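The structure displayed is predicted, hence computed values, not measured ones. Convention: sequence-line order gives letters A, B, ...; per-chain numbering from 1.
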2 protein chains.
Amino acid sequence: MPEGGWLDSQQQRAWLAYIRVQLRLTYEMNRQLQSDSDLSLPDYDVLTALSVADRGLMPIKVLAAQIGWERSRVSHHVRRMAQRDLVSCSLSTSDRRVTEVRLTRHGRRVLEDAAVGHVELVRRLFFDGLPRELEGPLSQALESVYTNIIAQGTLPPPVDWRPHGVSDRP
Amino acid sequence: MPEGGWLDSQQQRAWLAYIRVQLRLTYEMNRQLQSDSDLSLPDYDVLTALSVADRGLMPIKVLAAQIGWERSRVSHHVRRMAQRDLVSCSLSTSDRRVTEVRLTRHGRRVLEDAAVGHVELVRRLFFDGLPRELEGPLSQALESVYTNIIAQGTLPPPVDWRPHGVSDRP
DNA sequence: TGGAATTGCGTGACATTTCACCTAAGCTTT
DNA sequence: AAAGCTTAGGTGAAATGTCACGCAATTCCA
């Protein structure tokens, strides 16, 4: 191990702030989605990942890696979502071990409806409290961390993916 | 509503980075704790919150708010943790509706053991990838966001609390 | 003081998630 | 092409989490 030991006080401050934000934000997002649409936050994560995938379709394994879930959780969850007609599953023709999960027409509509309120909440809770001049540094910081996690972590790197409401065209 | 609509591209960048970091990090922390100690991340969150509480003890309601859980989740979880002798519950003498959850001797030891590996992981995944000069801005940014969430969100503000490995004395 | 409203929690039914294991398809070697 | 490996997924039971409701202690107020 590189150096062992504690975090210094500057790092403690950053970590404390991070944890606090993440706990509250998750709670609030869950709550908002649940009450304003028929989606849970996990539902939303799945739909979002699929919505930007090439042809709106992704193998289970890839989907799991994208959103940091156990494979079997995706398996169960996707089955339930299929019953609600949010996604559909089919066997890949090229490799018949893989199941492709695909966003249905209905799923896309539901996601797009839900995204409005969700993005609104994100703006209100996250960005309304963030001074413009810190947006850049924050992005940089988190991107650096992300890159490092990809390099150090155990999860395979993602294919291109972004949460809903985040597009390429500005 | 203030202005409705989408996030601008600077904000999209920040949000994308945040989501990516949070999904991966949660996954990795869960995994590390599970394999290196007998604790789940939820267990760890509970122990951590208690460990810094005044007299190592907290009403269920307060604990729930601290860590952003539903009250009843805390209720169930704490009961299970009590069976493992990590915490203990008792009725408050001043208000006999409230249940005080308290960290046991054993619970504290388990937490302290687990914290070593956990902090090590946090350093490796989070701080090794974060340039020193961005630590300050990151802290500031997240603290601003946090303050705003407290103000705007639905959860009551926390009493003083910090995750394990984060202390006052530098 | 005596309801009525509020507050803090526990509970049980139900939903979700995890874990260990299973199957089957592709791949490699012989 | 069969044996053995590896990889993608599904599955069922157990652990965990959510939701709606109920109970009891406290508070409010007429």
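Atom CZ of A:Arg73 and atom C1' of C:dT18 are 10 Å apart (whole Å). Atom P of nucleotide C:dG8 and atom CZ of B:Arg79 are separated by 21 Å, given to the nearest angstrom. Between the CG atom of A:Leu91 and the P atom of C:dT23 there is a distance of 18 Å, given to the nearest Å. Atoms CZ (B:Arg31) and C1' (C:dT18) sit 14 Å apart, rounded to a whole Å. Going from atom CD1 of B:Ile60 over to atom P of D:dG17 covers 14 Å, rounded to whole Å. Atom CD of A:Glu70 and atom C1' of D:dA8 are 15 Å apart (whole Å). Rounded to whole Å, atom P of D:dG17 lies 18 Å from atom CG of A:Asp43. Taking atom CZ of A:Arg71 as the reference point, atom C1' of C:dC19 lies 12 Å away to the nearest angstrom.
Electrostatic pairing of B:Glu28 and B:Arg31 does not count as a salt bridge here, judged by no charged N lying under 4.0 Å from a carboxylate O. Using a cut-off of 4.0 Å between Lys/Arg side-chain N and Asp/Glu carboxylate O, A:Glu143 and B:Arg13 are scored as salt-bridged.
When the nucleotides D:dG10, C:dG26, D:dT26 are ranked by their closest atom to the side chain of A:Thr99, D:dG10 comes out on top. Listed nucleotides: C:dG26, D:dT26, D:dC19. Nearest to the side chain of B:Arg96: D:dT26. Among C:dG26, C:dT17, D:dA25, the nucleotide with an atom closest to any side-chain atom of B:Arg97 is D:dA25. Set against D:dG9, D:dT18, C:dC19, the side chain of A:Pro59 has D:dG9 as its closest nucleotide. Considering only side-chain atoms of A:Ser75, the nucleotide from C:dT18, D:dG17, D:dT11 that sits closest is D:dT11.
Side-chain atoms of B:Met81 and B:His77, non-hydrogen and from C-beta on, do get closer than 4.5 Å to each other. In this structure, B:Pro42 and B:Arg73 have side chains that are in contact, with non-hydrogen atoms separated by less than 4.5 Å.
Residue-level contact check: B:Glu100 touches neither bases nor backbone, having no heavy atom under 4.0 Å from any strand.
A residue-by-residue look at A:Thr93 and A:Ser40 shows that A:Ser40 has its nearest nucleotide of DNA chain C further toward the 5' end. Closest-nucleotide positions on DNA chain D for A:Asn30 and A:Val74 were compared, and the one nearer the 5' end corresponds to A:Val74.
Side-chain to base pairing of A:His76 with D:dG12: one donor and one acceptor N or O lie within less than 3.5 Å of each other. Side-chain atoms of A:Ser72 and base atoms of C:dC19 include a donor and an acceptor less than 3.5 Å apart.
A distance-only check finds a donor-acceptor pair linking the side chain of A:Gln12 to the backbone of A:Leu7 [under 3.5 Å].
Side-chain nitrogen and oxygen atoms of B:His77 include none within less than 4.0 Å of the OP1 or OP2 phosphate oxygen of D:dT16. OP1 or OP2 of D:dT16 has at least one side-chain nitrogen or oxygen of B:Arg80 nearer than 4.0 Å.
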